[in-house]
Amino acid sequence: MPTDPNNEQPRQLRLLMVCLGNICRSPSAQGVFEKKVAEHAASQQAGISYDIDSAGTAAFHIGKAPDRRSVSAASNRGIDISHQQARQVEEDDFYNFDYIFAMDKQNFEALKVLQPSSAKATLALLLDYAEVAHEDSSVPDPYYSGEQGFELVLDLLDSACESILLKIATHPSEC
Ligand code: 4NP
């Protein structure tokens, strides 16, 4: 059990999902991960609770709800992301979160530039960390794509979030 041996309190892991606009991929990643946590008894057995948030590296859509195509595709899979509101990544995120997961290489590079040297958060490409194979280790930007692009995003996120939860449940002391 990943409890603190001194006080036996359950641990909380704080995860931040990051894409460019924070209206398509990262809100979807937050929704997918939250649903998996709710479904997975294994993660509860590991004594870990989760706080999941999302943000964008760009400022274009601050304050907006997720893209209606992401809301609709997620809703078809029983995931409600409609209440989320876009925000931009800030320096404090590197101290407030345990993991910051970038949706693609471009945003990973942007985050590396923002990352303070004393950051607490582990910065990783979501698909690399989850060892989910896809071109360039990136969740493709669906913004200019058709419906298929939004389905692919959810397929990749489903697989990656499942894999991350399993990793945490089986190796909690490494997280
Ligand atoms: P996201 O998708 O990074 O997955 O939220 C995008 C949303 C908006 C834009 C680009 C990507 N945009 O250019 O406005």
Side-chain angles (χ1 to χ4, degrees), residues 13-38 50-116 119 121-165 167:
L13 274 183
R14 302 199 72 205
L15 316 182
L16 182 68
M17 307 294 187
V18 179
C19 60
L20 181 65
N22 193 210
I23 57 168
C24 298
R25 289 165 292 176
S26 59
S28 303
Q30 179 181 340
V32 168
F33 203 95
E34 285 171 343
K35 181 159 188 261
K36 295 246 171 238
V37 167
Y50 294 89
D51 182 20
I52 304 142
D53 193 10
S54 70
T57 56
F60 326 128
H61 299 287
I62 290 173
K64 289 189 197 161
D67 187 290
R68 61 179 170 72
R69 297 164 295 175
S70 290
V71 172
S72 167
S75 173
N76 290 339
R77 299 187 189 206
I79 301 165
D80 180 13
I81 62 167
S82 62
H83 57 282
Q84 294 187 39
Q85 205 177 33
R87 71 170 181 91
Q88 192 172 21
V89 174
E90 51 196 28
E91 188 173 339
D92 276 356
D93 290 325
F94 288 91
Y95 299 104
N96 292 336
F97 288 88
D98 299 293
Y99 287 90
I100 297 180
F101 290 124
M103 297 297 117
D104 64 18
K105 283 229 158 100
Q106 178 199 340
N107 288 293
F108 179 73
E109 293 303 326
L111 286 163
K112 274 209 305 201
V113 172
L114 294 174
Q115 184 177 34
T122 299
L123 173 62
L125 267 165
L126 182 82
L127 297 189
D128 268 357
Y129 191 86
E131 294 166 30
V132 169
H134 196 261
E135 195 182 329
D136 219 15
S137 287
S138 293
V139 180
D141 181 353
Y143 192 64
Y144 295 105
S145 76
E147 270 179 31
Q148 283 306 105
F150 289 83
E151 294 303 325
L152 174 61
V153 165
L154 288 172
D155 289 344
L156 289 168
L157 293 176
D158 187 85
S159 178
C161 293
E162 180 82 29
S163 156
I164 288 171
L165 262 184
K167 197 174 200 167

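When a ligand or atom number is given, it counts from 1 through the structure's own listing order.
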Legend entry - Atoms of ligand 1, numbered as shown, that sit under 4.0 Å from any heavy atom of Asp141: 2 (O), 6 (C), 10 (C), 11 (C)

Inset, instruction - Tell me which protein heavy atom sits closest to atom 13 (O) of ligand 1, plus the residue, atom name and distance to 0.1 Å. - result: Tyr144 OH, 3.7 Å

Inset, instruction - Report the nearest protein non-hydrogen atom to atom 9 (C) of ligand 1: residue, atom name, distance rounded to 0.1 Å. - result: Tyr143 CD2, 3.6 Å

Legend entry - Gln88 side-chain N/O to Thr57 backbone N/O, donor-acceptor pair under 3.5 Å: yes

Inset, instruction - State which residue, out of Leu114, Leu123, Leu15, Thr122, fulfils the side-chain contact (heavy atoms from CB on, under 4.5 Å) condition with Ile100. - result: Leu123

Inset, instruction - Look only at interatomic distance and state if Phe60 has a nitrogen or oxygen under 3.5 Å from any nitrogen or oxygen of ligand 1. - result: no

Inset, instruction - Answer yes when Arg77 and Asp158 have at least one side-chain N-carboxylate O distance shorter than 4.0 Å, and no when they do not. - result: no

Legend entry - Proximity of Ile23 to ligand 1 by residue part, where a heavy atom lies under 4.0 Å: both

Legend entry - Heteroatom distance test (Gly21, ligand 1): nitrogen or oxygen, under 3.5 angstrom: yes

Legend entry - Polar contact flag for Arg25 and ligand 1 (N/O pairs, less than 3.5 Å): yes

Inset, instruction - Check whether more than 12 heavy atoms from other residues, nucleotides or ligands sit under 6.0 Å from atom CD of Glu135, and answer yes or no. - result: no

Legend entry - Positive for side-chain contact (heavy atoms from CB on, under 4.5 Å) with Phe33, one of Leu126, Ile79, Leu165: Leu165

Legend entry - Side chain to side chain, Met103 and Leu20, heavy atoms closer than 4.5 Å: no

Inset, instruction - Please work out whether any backbone atom (N, CA, C, O) or any side-chain heavy atom from C-beta onward of Asn22 is under 4.0 Å from ligand 1, and answer side chain, backbone, both or neither. - result: backbone

Inset, instruction - May I ask whether Met103 has any heavy atom positioned less than 4.0 angstrom from an atom of ligand 1? - result: no

Legend entry - Arg14 vs Asp53, salt bridge (charged side-chain N to carboxylate O under 4.0 Å, His left out): CA-CA, chis, key distance, verdict: CA-CA 8 Å; Arg14 302 199 72 205; Asp53 193 10; 5.7 Å; no

Inset, instruction - Assess Arg69 against Tyr143: is NZ or CZ under 6.0 Å from the centre of the six-membered ring, and within 45 degrees of the ring's axis? - result: yes

Legend entry - Heavy-atom check, side chain of Val71 versus side chain of Ile81, under 4.5 Å: yes

Legend entry - For Cys24, atoms of ligand 1 separated by under 4.0 Å from a heavy atom: 1 (P), 2 (O), 4 (O), 5 (O)

Inset, instruction - Do me a favour and list the nearest non-hydrogen protein atom to atom 14 (O) of ligand 1 with residue, atom name and distance? - result: His61 NE2, 2.8 Å

Legend entry - Protein heavy atom at shortest distance from atom 1 (P) of ligand 1: Cys19 SG, 3.5 Å

Inset, instruction - Can you sort out which atoms of ligand 1 are near Leu20, meaning under 4.0 Å from one of its heavy atoms? - result: 3 (O), 10 (C)

